[in-house]
Structures are given as C-alpha cells and as structure tokens.
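For clarity, every value in this text was computed on a predicted model and none was experimentally measured.
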2 protein chains.
Amino acid sequence: MAAPSIRARVRAEMIDEIKAVARRHLASDGANLSLRAVARDMGMVSSAIYRYFPSRDDLLTALIIEAYDALGEAVEAADAGCDRLDLRGRWHAVCRAARDWALARPAEYALLYGSPVPGYAAPDDTIGPAQRPPLALIGILRDGFGDDRLDPPPAAEVTEPLRADLADLAGMLGGELPEALLARGMAGWTQLFGLISFELFGRINRILPHRDAYFDHQTALMADLIGLPRAD
Amino acid sequence: MAAPSIRARVRAEMIDEIKAVARRHLASDGANLSLRAVARDMGMVSSAIYRYFPSRDDLLTALIIEAYDALGEAVEAADAGCDRLDLRGRWHAVCRAARDWALARPAEYALLYGSPVPGYAAPDDTIGPAQRPPLALIGILRDGFGDDRLDPPPAAEVTEPLRADLADLAGMLGGELPEALLARGMAGWTQLFGLISFELFGRINRILPHRDAYFDHQTALMADLIGLPRAD
DNA sequence: TTTCATTCGAGAGCAGTGCTCTCGCTCGGT
DNA sequence: ACCGAGCGAGAGCACTGCTCTCGAATGAAA
C-alpha cells in the first residue's frame, strides 16, 4: 500500500474523473453511454479513454459496481439509523431508502435492475456488491426470527424441491432461517424492486398520483406477509 | 374495408415480413435491433425499410404492441381454459402463462418490462395492449369479490391520499372493487412481474435451481395475500 | 543531472449504425 | 396504353466502438 507512485495516483484520479463524467452522461442521456462523448467532455480524444478502460463494457461494469455499492450503502445506512428492535421501522426505512436512491438516479437504477444490456454479461466482481441490498432485508428477518418476534399469517408449507433449495440458501446466509420465512423475505425483496421498477418505468404514474402513499402501503403489505410486528 | 387494393396488400405483407425478421433478430441479438441488419436479411438496402417504418423507433413500437397483444392473449387464453369458479387455479394459470411467455421470448419481454430505451417514449397506441395482462388478474379479483369468496388476511386500512386514488382506479375499472383489495391485486401484479424479471435477468439462477417450484410457491403466497380460496 | 523507458494523448482509419436525399424503374389503377 | 404513385438502390452525413501508430512528455533510475 505504501508509496503510491505519482503516476499511479494521477492515473487513479483520471479513472475517477472518467467515471464521474460517464455517470453524468448516464443521468442526462440515458443508458446508451457514448465513450466518445465522455472523451469529448474531458477534452480528450476517444482513443485516450482506452488507456484507462479496455472497453465500453468495462467502464459500464465499473459504474455498475459503484452503483451497487452506493445503493447498498444507502440501504444499510437507513437500516442502521433505526432502533434495532423496531423491525417494521427498519423494513420501511430500507424500502424507502432503496426507492429514494432509485428515484434520484433512475439511469443508474436501470443499469442495475433493468433489462440486461445485450452482449453484456455481468462479471463476478458485481455479485458481491449486488447482494448488499437483499442482505439488508434478510438481516431484518434474521433479527426478528432470532428474537421470536415474527408472526406471519398462515400459508401452505414449502414442499420438497424448493425446500432443499431454500435450505441451501439459508445455509449460505449463515443458517437458522426457516425455509418458509426465507421465501417470504425474497417475496418482499421481489416486491420492493417490482414496485420501484414499475414506478420508474412509468407503469403507474397516470393511475396513482400519490406514489409515496402507494409505495408505503404496498411495502406494509409485504411486512404483514413476513410477519413483522405492528406498532411497538 | 372493401377492396384492399393490391398495392395495399403487398405493402401489408411487406410490413409483416419486416416485423417477423425484426422479431427474429431481437430474439438472437438481444435488444439492440439493427435496421440495416434486418434489411440485409431481407435482401434489401437499409433505406428501403424507411418506406414502411418512418424510423427504428416506430418499428420497435410495432413490435412492442404485437408483443403486448401476444402476452395478453396467452394470459387470457390461460384464464379462459380454467373453471370460472376455481379462482386459485385461474390465478396460477395466468401467472404461469405470463412466465412461460416471457421465458420463451426473453428479448420481447425485456422490450416490454425492462428498462425503457433512452430516447424512446411509449406512444399511446401501446397503453391499451399493455393493460391486458393486469386486467386478466383484476378479472379474477372481481369474480371472487362478486361471489363473496375472497378471504384476505387482515392488514392495515388504506388511508386517505391513497384511498381516493384507488377509488378512482376502481371506478375506471368498472367500479365495485374495494380499495384494499385492489391494492392487493396490484401487489400480486407487481410480484408477478418482479418474479419474472428477476428470473429472466439472472438474479436467482445460481441460488435456486428449481425455478418452477419457486415461482409457484411465490405466486401462491400472493394468492394467499389476496385471499383466493384454497383447494376447492 | 542526464538518460531511458514507460506511459500517455492525438490522429487516422475500419466497420458498423440511423437516417436523408435523389434517381431511376416497375407496375397497378385508370 | 399510358402515366404517375410507390418502390428499391445508392451515395452520403454524422455518429458509434475500437485498433494501431507515432511523437511527446515525464517519472524513475544511474
């Protein structure tokens, strides 16, 4: 770590600036990021960018990782700002944080949760950061289950082929979450990003003017499904 | 209507063929449809396409409308194939039909429910066809509510700003659906397309091998939330 | 301090894209 | 039999991602 040579430092700064300019372009021009336009904005010629990113996809990947981390951080911060015992408050805080982040950066959200870019396959570097948002939700479930404070409504049992899958997944997550609860948590996660996507991609704008209220109500519905305790 | 002149007929055939070729390209090459490639595939030069579609976006719009209609038809057919009184069976049939359609035509699904193309704004022609899938779901709710056969688990009431929005929406849908039930129906719709999107965009492939079972379980969870009666 | 090699940016160029415009030809409707 | 509407071809413009080469700057070692 010591002695980051001067060259390496200006190089890192250059990379950061490229990413910053690219993020700005993403926000204004939508998802079709033009390397040449970024270069132009920096007073460089397009080929110079290739000194820093081997291809446009690599630049996109860097932006995706940063976006996942930013979203994950926003979500985790929202969770951390709550009373650990107020499970329902944490749930809503996490959901709202994800939505606020998405509404503030629609293009970056689309990059993460929209249709995958045709030729593009997400490299392994992205899977870690991508797990931070769902892990925040799972953390709430785990705390609630550990304290035996969840009271989910009844439902059909988890039957066999799926039960084993969910058990494996629970094991990877550190064990002890029952399969049915994990399934409900994933339903909540799915619902959260379905809600955000529908809102962002213009599927409910015309019919539901009060979108905040709609969002809160629907996430509360999922909190009920999971069994998060009502008003402390 | 009478006497579709020969010119008009070959023109319509031409349009159909272009759409067919474009759909093929969409399926193989992903979302970035190349007009020139389509033209090449038809043994034409690119400018000739513009005799039939004013721009690439118009061709995409035509494909989107067709895709919405195809999905709507698949969903409605699945619903129609069920005993009208088997609400839960209808629910699962509709959900599975949507998923099957999406898995068979991932690129077209991404066109409909993925991130919106940057400069592209969906014209009004699309909103009618786009409503067919959710309307199929709403139809199940309506039948169940009309026969007083729904038994949803308890939840917080729908409070004011949202209540009015949902009442308006219920009015547009032909009235009589209570707000809380409509909200649950929309939650089911959101969950359905969240599930399909997560599956299609590769967000659960690694962790849940038995995806059919997962899908059925999660849609059953939403059926419970809506209050669709269990096993007749 | 001088040299040297690494690193960088510029520029030209290739193949591809959406789209426009013009020019002839063909063929359907009168 | 005619003739004009409609059509396809072709060239061209501005743009894209990407490659390659060349000269210049500059940090690091001697």
Query - Non-hydrogen side-chain atoms of A:L221 and B:R184 separated by less than 4.5 Å - result: yes
Query raised in the report: Residues two or more places apart in sequence or in another chain: which of them pass side-chain hydrogen bond (donor to acceptor under 3.5 Å, both in side chains) with A:S197?
Result: A:Y109
Query raised in the report: Is A:R36 side chain donor-acceptor paired with the D:dG17 base, going by distance under 3.5 Å alone?
Result: yes
Requested in this report: Measure the CG-CD distance between B:L208 and B:Q218 for me, rounded to the nearest 0.5 Å.
Outcome: 8.5 Å
Report task. Ignoring hydrogens and angles, tell me if any N or O in the side chain of B:W91 forms a donor-acceptor pair with the backbone of B:T219 under 3.5 Å. Result -> yes
Report task. Round to a whole Å and report the spacing from CZ of B:F53 to P of D:dG8. Result -> 13 Å
Query raised in the report: Under the side-chain hydrogen bond (donor to acceptor under 3.5 Å, both in side chains) test, which residues partner A:D16, sequence neighbours left out?
Result: none
Query raised in the report: What residues in residues 18-28 of chain A put a non-hydrogen atom under 4.0 Å from any atom of DNA chain C?
Result: none
**Report entry** Outermost nucleotides of DNA chain C that come under 4.0 Å of a non-hydrogen atom of chain A
**Finding:** C:dT6 to C:dG13
Query raised in the report: For A:A37 and A:P54, take the nucleotide of DNA chain D holding the closest heavy atom to each; which residue's nucleotide lies nearer the 5' end?
Result: A:A37
Check: residues 41-51 of chain B side-chain donor-acceptor pairs under 3.5 Å, at least two apart:
from	atom 1	to	atom 2	distance (Å)
B:D41	OD2	B:R24	NH2	2.8

Query raised in the report: Excluding sequence neighbours, so at least two apart, what forms ring pair (Phe, Tyr, Trp, His ring centres under 6.0 Å) with B:F198?
Result: A:W189
Query - Euclidean distance, atom CG of residue A:L33 to atom P of D:dC18 [Å, nearest integer] - result: 11 Å
Let me check something: any side-chain donor-acceptor pairs from residues 92-107 of chain A under 3.5 Å, sequence neighbours excluded? List them with distances.
from	atom 1	to	atom 2	distance (Å)
A:H92	ND1	A:R88	O	3.4
A:R96	NE	A:D216	OD1	2.9
A:R96	NE	A:D216	OD2	3.4
A:R96	NH2	A:D216	OD2	3.3
A:R99	NE	A:E199	OE1	2.9
A:R99	NH1	A:D212	OD1	3.2
A:R99	NH2	A:E199	OE2	2.9
A:R99	NH2	A:D212	OD1	2.8

Requested in this report: Can you check each nucleotide of nucleotides 23-30 of chain D against protein heavy atoms at under 4.0 Å and return B for base, S for sugar-phosphate only, - for none, in 5' to 3' order?
Outcome: ---BSS--
Report task. Give me the residues of residues 40-50 of chain A where at least one heavy atom lies under 4.0 Å from an atom of DNA chain C, by number, or none. Result -> A:G43, A:M44, A:V45, A:S47, A:A48
Report summary line: Between B:M14 and A:R51, the residue closer to the 5' end of DNA chain D by nearest nucleotide is B:M14
Query raised in the report: What residues form a ring pair (Phe, Tyr, Trp, His ring centres under 6.0 Å) with A:Y214, not counting sequence neighbours?
Result: none
Query raised in the report: What integer distance in Å separates B:Y52:OH from D:dA5:C1'?
Result: 13 Å
Requested in this report: For B:R23, enumerate each residue passing the salt bridge (charged side-chain N to carboxylate O under 4.0 Å, His left out) test, keeping only those at least two apart in sequence or located in another chain.
Outcome: B:E66
Query - Pair B:T61-B:D58, side-chain donor/acceptor within less than 3.5 Å - result: no
Query raised in the report: Which residues satisfy the side chain to side chain contact (heavy atoms under 4.5 Å, CB included) test with B:A22, sequence neighbours excluded?
Result: B:L33, B:V38, B:L59, B:L63
**Report entry** Under 3.5 Å: donor-acceptor pair, side chain of B:D165, backbone of A:H210
**Finding:** yes
